[in-house]
Amino acid sequence: MSVEANIIIREKRAVLLVPAEAIRNAGGKASVFTVENGKLKQMPVETGIRGSRLVEVTSGLAEGGVVASPVKAEFRDGQSVRIAR
């Protein structure tokens, strides 16, 4: 038997959120891959509050963009992709 509990210690409204599995952390730097014109573009981001499923992005990403998720080890900047809807 297992139990999951979420303890809310801080809350913000009207923030930009991305799935936690869309964030790539390497060398202490966070980034996401966006999709622009059928190609991946790695964007460095600053993150804020982290939840179990979503992460706040405080800078480096604009609202309304397409974020590749989950991020894969083989993703490379400029790689061609197709969006599955």
Side-chain angles (χ1 to χ4, degrees):
M1 194 176 346
S2 65
V3 174
E4 179 180 323
N6 291 310
I7 300 170
I8 299 171
I9 57 171
R10 193 168 57 171
E11 185 174 350
K12 288 184 182 177
R13 299 207 183 278
V15 298
L16 185 60
L17 300 170
V18 297
E21 61 268 9
I23 303 285
R24 174 181 276 179
N25 289 301
K29 307 273 184 183
S31 64
V32 297
F33 281 95
T34 60
V35 180
E36 296 178 14
N37 299 317
K39 301 218 182 261
L40 291 175
K41 183 174 182 182
Q42 190 170 12
M43 305 289 292
V45 294
E46 297 289 325
T47 59
I49 298 173
R50 290 180 167 271
S52 58
R53 291 186 215 62
L54 298 171
V55 176
E56 174 191 14
V57 174
T58 58
S59 69
L61 195 60
E63 184 176 349
V66 177
V67 175
S69 180
V71 69
K72 306 234 185 232
E74 60 268 14
F75 282 1
R76 298 290 178 254
D77 202 35
Q79 179 179 351
S80 294
V81 293
R82 191 168 24 116
I83 297 175
R85 297 190 192 253

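Along the sequence shown, residues are numbered consecutively beginning with 1. Keep in mind that what you see is a predicted model, and the values were worked out from it rather than measured.
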Original post:
V35 and L40: side-chain contact (heavy atoms from CB on, under 4.5 Å), yes or no, with the steps?
Top reply: CA-CA 5 Å; V35 180; L40 291 175; 4.1 Å; yes
Applying side chain to side chain contact (heavy atoms under 4.5 Å, CB included), name anything that partners [X], two or more places apart in sequence or on another chain.
X	value
N25	I23, A30, R50
A20	V55
S52	E4, N6
I49	R10, K12, E56

Original post:
For E21, does the CD atom sit with more than 12 other heavy atoms under 6.0 Å from it, leaving out its own atoms?
Top reply: yes
Listing, residues 64-81 side-chain donor-acceptor contacts under 3.5 Å, not counting sequence neighbours, or none:
| unit_1 | atom_1 | unit_2 | atom_2 | d |
| --- | --- | --- | --- | --- |
| R76 | NH1 | A73 | O | 3.0 |
| D77 | OD1 | Q42 | N | 2.7 |
| Q79 | OE1 | R76 | N | 3.0 |
| S80 | OG | K39 | NZ | 3.0 |

Subject >> For L61 against L16, the heavy-atom pair lying closest together >> reply: O-CD2, 3.4 Å
Original post:
Looking at residues at least two apart in the chain, or sitting in another chain, which of them share a side-chain hydrogen bond (donor to acceptor under 3.5 Å, both in side chains) with K29?
Top reply: none
